[in-house]
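Structure record follows, encoded as structure tokens.
Count residues from 1 along the sequence. First listed ligand is number 1; within each ligand, the first listed atom is number 1.
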Amino acid sequence: MKIIKLEEVEKLSEMEINEYFQTPVVIPTETVYGLAARIDNEDALKGIYKIKGRPSDNPLIVHIGSIEMLMDWIEGDIPLEHQILIDKFWPGPLSLLFKPKKHISKIVLGNNMENVVIRMPKSEKLRNLINRLNVPLAAPSANKSGSPSPTRIEHVISDLADDVNLFIDGGECTEGLESTIFGIINNDKMLLRPGSITVEQLNESLNDEIRLNFKANKKVEIICPGQKYKHYSPRNPLYLFVGMNWEVNMAIMKTKHKNKRIGLLNQSDMNLNKDEYIIYELGECVRDCAKNLFDGIITLDSQCDIIFVRQFAEKDVGMAIMDRLKKAASEIIE
Ligand code: TXA
Ligand code: MG
């Protein structure tokens with residue numbers, strides 16, 4: 001097992017890079033760490049599913065290094081709406097649904113998908129690496145299926161040290177939540193997963209109101225198979241407190257579990273007695289809270305028996321935070 005800094009990747013020779021990418025490699029992105037394989041190497045792609053314990057019908061997001069590379073893997077032209085979003089948000093944390101070219105491996109597409117989801121990561125160094133490989137990288141988040149996504153290299157190493165040969169360390173992820181996923185299906189514009197590029201930003205860019213089509217939202221038609229599965233769950237129970245009575249409900253639950261170590265994902269406006277909890281400060285603004293969310297869950301999970309968190313307003317990036325929290329929660333208390 002080897003850990004190298006993203007800055008040092010450019011010093012690796014072509015031969016070394018190609019050698020490493022015969023099996024899955026951990027890569028840093030602006031959203032979360034990914035477990036990556038070349039999309040033309042089916043053994044490495046199968047390795048991703050095996051290492052993660054990922055259901056084989058759950059397809060992988062494809063990461064490209066350039067628009068030329070995109071055109072090699074999609075059928076036809078870039079749809080107008082996609083072009084508008086690409087101009088505005090790429091490179092960055094927005095994944096888009098495209099029609100795939102026939103030669104793309106079925107393993108990337110979860111064996112039966114009609115679409116491929118593609119994004120161009122923000123980091124120029126990562127894009128350079130992809131361009132040197134001259135083929136896109138498929139990369140789901142680098143956690144075991146069902147666990148919180150990793151936003152620091154330490155999270156990944158503690159989870160996957162025995163399974164992966166190369167870990168590329170890019171420091172802390174700047175966004176901290178997985179990419180927003182947008183697609184058009186039967187002329188219907190849909191948000192398939194909320195992320196740090198918000199529905200408000202998409203609506204404004206497209207001058208339209210797109211449909212919210214993700215599970216934590218309501219009953220939806222499943223387009224991303226990942227929505228069916230358990231997600232983001234810490235080993236210990238996580239209680240999500242929603243509604244006006246959150247403070248009273250937290251006090252009740254704290255009394256009920258008085259012999260347990262209770263961790264609190266604290267928001268700066270909460271004003272609770274901090275001596276009574278093991279505190280993780282999420283940050284001052286909602287963007288900081290998004291960036292720190294998974295680190296907070298993973299950190300408290302290793303220090304406490306139960307994790308408490310209060311709701312966020314479901315707008316802007318708060319919508320993505322609540323999507324993750326609702327899926328992570330063992331109980332939602334109102
Ligand atoms: O920010 C991200 O997108 C991160 C980093 C590593 O880039 N990746 C990531 O991948 O979050 P993953 O596998 O954890 O989540 C991918 C989601 C899943 O819900 C999956 O079902 C959906 O995207 N997805 C991928 N390809 C798809 C496809 N062809 N059609 C429909 N949904 C797809
Ligand atoms: Mg994931």
Single hit among Ile153, Leu6, Val26 for side-chain contact (heavy atoms from CB on, under 4.5 Å) with Ile168: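 Exactly one option meets the side-chain contact (heavy atoms from CB on, under 4.5 Å) with Ile168, and it is Leu6.
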CG on Asn143 to NE2 on His155, rounded to 0.5 Å: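 Output value for this atom pair is 11.5 Å.
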Please table the atom pairs, donor to acceptor, closer than 3.5 Å between any side-chain atom in residues 180-199 and protein atoms at least two apart or in another chain.
from	atom 1	to	atom 2	distance (Å)
Thr180	OG1	Gly195	N	3.2
Thr180	OG1	Ile197	N	3.2
Thr180	OG1	Ile197	O	2.7
Asp188	OD2	Arg211	NE	3.0
Asp188	OD2	Arg211	NH2	2.7
Lys189	NZ	Asp208	OD2	2.5
Arg193	NE	Ser179	O	2.9
Arg193	NH2	Ser179	O	3.1
Arg193	NH2	Ser179	OG	3.2
Ser196	OG	Glu175	OE1	2.9
Thr198	OG1	Glu200	OE1	3.4
Thr198	OG1	Gln201	N	3.1
Thr198	OG1	Gln201	OE1	3.4

Asp301 side chain vs Asn236 backbone, donor-acceptor pair below 3.5 Å: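 Present.
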Cation-pi check, Lys122 onto Phe89 ring (under 6.0 Å, within 45° of axis):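 No; the conditions do not both hold, so Lys122 does not lie above the ring face of Phe89.
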Centroid separation Phe294 to Tyr232 less than 6.0 Å: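 Aromatic pair counts; centres sit under 6.0 Å.
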Parallel, tilted or perpendicular: rings of Phe98 and Trp90 (30°, 60°):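 The arrangement is tilted - the two ring planes meet at 30° to 60°.
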For the Mg ion (ligand 2), every protein N/O/S atom that sits closer than 2.8 Å, waters excluded: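 Near the Mg ion (ligand 2), below 2.8 Å, one finds Ser141 OG.
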Tell me which donor-acceptor pairs under 3.5 Å the side chains of residues 73-86 have, and how far apart each pair is, sequence neighbours excluded?
from	atom 1	to	atom 2	distance (Å)
His82	NE2	Leu97	O	2.7
Gln83	NE2	Asp87	OD1	3.0

Pair Glu30 + Arg119, salt bridge at N-O below 4.0 Å: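 Result for this pair is yes, salt bridge flagged.
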Neighbouring residues of ligand 1, heavy-atom cut-off under 4.0 Å: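 Within the 4.0 Å shell of ligand 1, which is judged on heavy atoms, sit Thr31, Val32, Gly34, Arg54, Asn58, Pro59, Leu60, Ile61, His63, Met113, Asn115, Val116, Val117, Arg119, Ala139, Pro140, Ser141, Glu178, Ser179, Ile181, Arg193, Ile223, Cys224, Pro225, Gly226.
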